[in-house]
Amino acid sequence: MSPSVATAPAADALPQLVADRIPLLLVPALALAALPLMSSLSTWVTLTVAGLAMGMIIFIIASGLTLVFGLMDVLNFGHGVFIALGAYLAVSVLGAMSGWTGSEHLALNLLAVLPAMLVAMAVAGGVGFAFERVIIRPVYGQHLKQIMITMGGMIVGEELIKVIWGPQTIPLPLPAAFRGSLLLGDAAVEKYRLIAVVIGLAVFAAMFWVLSRTKVGLLIRAGVQDREMVESLGYRIRKLFVGVFVAGSALAGLGGVMWGLYQQNVTPQMGAQVNVLIFIVIIIGGLGSVGGCFIGALLVGLLANYTGFLAPKVALFSNILLMVLILLWRPQGIFPVAKR
Amino acid sequence: MLSRIFSGDLPRSRMLALVLIAIVGALALAPFVFPGAKALNVAAKICVFIVLVASFDLLLGYTGIVSFAHTMFFGIGAYGVAIALTRLAPSWAAIAAGVAGALALSFGLSLLIGLFSLRVKAIFYAMITLAVASAFQTFASQLSEITGGEDGLSFRVPEVLSHGFVLGGHSILGVPVDGKLISYYLLFALAVALFLLMLRIVNSPFGRVLQAIRENDFRAEALGYRTVVYRTFSNVLSAGFATLAGALLALWLRYNGPDTSLSFEIMIDILLMVVIGGMGTMYGAVIGATLFIVAQNYLQDLMKLASDAALGIPLLSSLLHPDRWLLWLGILFILSVYRFPAGIVGRLRTRSKSHSAAQ
C-alpha cells in the first residue's frame, strides 16, 4: 500500500475527531429547546431524567451492536434475543430471591439485583459466544446471508425462550427500595430512573476507558478504522472480534435486565421491539461509532419522552423523524466511521 | 406454447414439475377435493401468499435486496380495499378505487424509501425498512377512525362474491355454485395471472439486469446500467405486486386488521417461505408458500400427537408443543441458508442435473 493512500484517510479523520464538537451539543440543545414548551420546570426535570434513563439503557444495549458492526462488518439482527434473554434471567433470579427483593433495605435489594445482572451478563455472553460460532462465523462477508441467518437465529431464540419460560407476559416488579420517587424541588423523579442513569454512565465510562486507555481498546478502535492494517501488524482480529461480540451480548443481557425492570414486565417479543429502536440509534450515531451511539441513544430517549408528553401521537414517529433529520444533515450518521 | 406461458423458464426438473403440477392441481380443484371451510381457507391463503412471496422473491432473490417493509405494502393493499368497501357501496368500482389508491400509495412510498436508502449498502436498507415498517404499523393502528385500529375493518363485498349469493341453484359435483366458490376461483385465476406476469418480468432483459446487479453490482454499473434506477424500479414493482396480493387477501377474508396483513410475524413468515422454497427461482414461492401454510395449519395437529407421545419427557414435550412449530421451521430456515441456499427448488434442480449427467 502506498504511503499516500495510507495517510490520506488518517489525515482526514484525525482533525475531524478533534474538531467535531457540534454533535456533543445536540443533547443539551434538545433538552433546552424543550424547556420553553413545558408547563413547568419540574415537569421538564422529570421528563429529562426519564429520557436520559431510557437513553442510557438503549445505549447499553446498542453499544455492543455498533462495535461488532464496525469491527467485522457484521450486523446482528438477532441482537434482540440477548435482550429478552437477560430480562427473563432477571425474572428467574429475582423470583428466586424474592425474600431480598421484597425487603425495604436498599442493600438487600442491591444484593438481589446485582447477581441478577451478573447472571444475565454471563449467560448472555456465553450464548453470544455460541451464537457467533454457530450462526455468524460461516457467513462472514456475505451481507445477505448474514441478515437472514441472524434473523433466523432470532426466531429460534425467541421460540426457545417460549419453550423455557412460556409464551405469556411475566411481570417483573422492581425491588421494594427502587420503587417510588424522590423529590428534587418540585420535580418528582423516579428512583429507578436515577439508578439507570448511574449504571448507564458507569458503563459508558468503563467502555470509554477501555477503548481510549487500554491496548485492547486501541486495537479495537484501530480495527474499526482499518481491519487489514491491524491484521498485517500481527494481531488476530478474529479473536478480538469474538471478545467484542461476547462483551456486546453480555451488555445486551444487562440492558435487557434494566429494560425489563423499566417496563416492569417481560415478553418474548420484547427483543424484536427493542431491536427496531437500537437500529435507529446506531444509524443515527453512525454505524460503528460508540460515541455516536451514545449521543443517538440519549437523543432518542429524550425526544421520546418530550414528545410523549407534548404530542403523544407524534411520539410514535419521533424516532423516525429524528433519524430522517440527522441523515439529511449527515448521511452517514452523527460520527461517520472513516472507512465507510 | 407451454414455454411461452412460462416465459421460457420451465421447472427444469421432472420432480419439481410433478410437485408443481400436484400443488396447482390441488389448488385448482380444492373446493371439490377438500371439503370444508378450513381447507378452502387454507387453499385461498396459499394462493395469496404465492403472489406475495413471489413478489418478495423478485426483490430478495432476483435483485439481492433484503426489505423488511414488504408487509407494509401487503397491508396497504388490504387496507385500500377494506377502506374503500367500508366507505363506499360494496361495488366493483369501489374495489377498483381502493386498489388504485393503494397502488398509488405503495408506488409513492417504495419510490421514496428506495431513493432515500438504496444508494447505500444492503444492511442499511434492511435496517431502514425495518424501522419504517414498524412505524407504519403503529400509524395504521393509531388512525382508528379510518383503519378501525386494532379491531380492523369488516366490510361487505359485491353481491356476486358474498356468501349468501347462489347462482341459480346450480351445483357442480355436489358443490353449490355460490359466492364463496366464485370468490375462490377469481382469487385463483388472479393469482395464476400475477405469478405468470412476474415470471415474465424476471425472464425479461430487465430481469437479467436485476440478476446481474445481484451477482455483482459493481460490474453491472461498469457495463453501463444505472444500478440505483434498476434497484428502485425492482423495489417499486415488488411493492406493487405485494399490494395486489393484499387486496386479494382482503377480498377473500372480507375483513382486514393489523394482525392479518401488517404484522412483523407475517414478514418473518414470508422470509421463511422464500428461503425454504428457493430464492431467485419464482417456483420456490409456490413450494415455500404451500409448505409453510400447510405446516402452519396442519403441522400443529401432528406435533400435538408427538407431544402427547413424549408427555413423560419434560423438555422434549415442550419442544414438541404444537405452538412451537415456528421453532422447527426457524431451524429449517437456518439450515436452508447454510446447506442449500437455493432452497428446495435448487435442490431438486441440481439433483436432476446430476442425474442427467450420469446417464
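Each chain gets a letter, A, B and so on, in the order the sequences are listed, and its residues count up from 1. If you're wondering where the values come from, they're calculated on a predicted model, not measured in any experiment.
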Parallel, tilted or perpendicular: ring planes of B:H70 versus B:F56, cut at 30 and 60 degrees = tilted

Identify which part of B:F139 has an atom lying under 4.5 Å from any heavy atom of chain A, answering side chain, backbone, both or neither.
-> both

Within-4.5 Å side-chain heavy-atom neighbours: A:N76 and A:F245 = yes

Flag side-chain contact, heavy atom, 4.5 Å: B:T129 against B:M72 | no

Heavy-atom proximity to chain B below 4.5 Å, by part of A:Q273 = neither

Which atoms of A:I280 approach chain B - backbone, side chain, both or neither, heavy atom under 4.5 Å | side chain

Identify which part of B:M279 has an atom lying under 4.5 Å from any heavy atom of chain A, answering side chain, backbone, both or neither.
-> side chain

Which atoms of B:L271 approach chain A - backbone, side chain, both or neither, heavy atom under 4.5 Å = side chain

Chain A contact via B:L326 - which portion, at a heavy-atom distance below 4.5 Å | both

Turns out that what part of A:M154 lies under 4.5 Å from chain B's heavy atoms comes down to neither

Is there a donor-acceptor pair under 3.5 Å between the side chain of B:S336 and the backbone N or O of B:V275?
-> no

Are the side chains of A:M54 and A:Y262 in touch, meaning some heavy atoms are under 4.5 Å apart?
-> yes

Any donor-acceptor N/O pair, A:H79 side chain to A:G64 backbone, under 3.5 Å = no

Engaged part of B:L272 at the chain A interface, taking heavy atoms whose separation is under 4.5 Å | side chain

Give, as side chain, backbone, both or neither, the part of A:L327 having an atom under 4.5 angstrom from any heavy atom of chain B.
-> side chain

Answer yes or no: is there a side-chain heavy-atom contact under 4.5 Å between A:I282 and A:F69?
-> no

Greatest number of non-hydrogen atom pairs under 4.5 angstrom with chain A, of B:Y338, B:W328, B:F333, falls to B:Y338

Name the option with the most non-hydrogen atom pairs under 4.5 Å to chain B; the candidates are A:N319, A:V163, A:V276, A:L160.
-> A:V163

For the candidates A:I320, A:I149, A:I155, which exhibits the highest count of non-hydrogen atom pairs separated by less than 4.5 Å from chain B?
-> A:I149

Do A:M270 and A:I83 come close enough that some side-chain heavy atom pair is under 4.5 Å?
-> yes

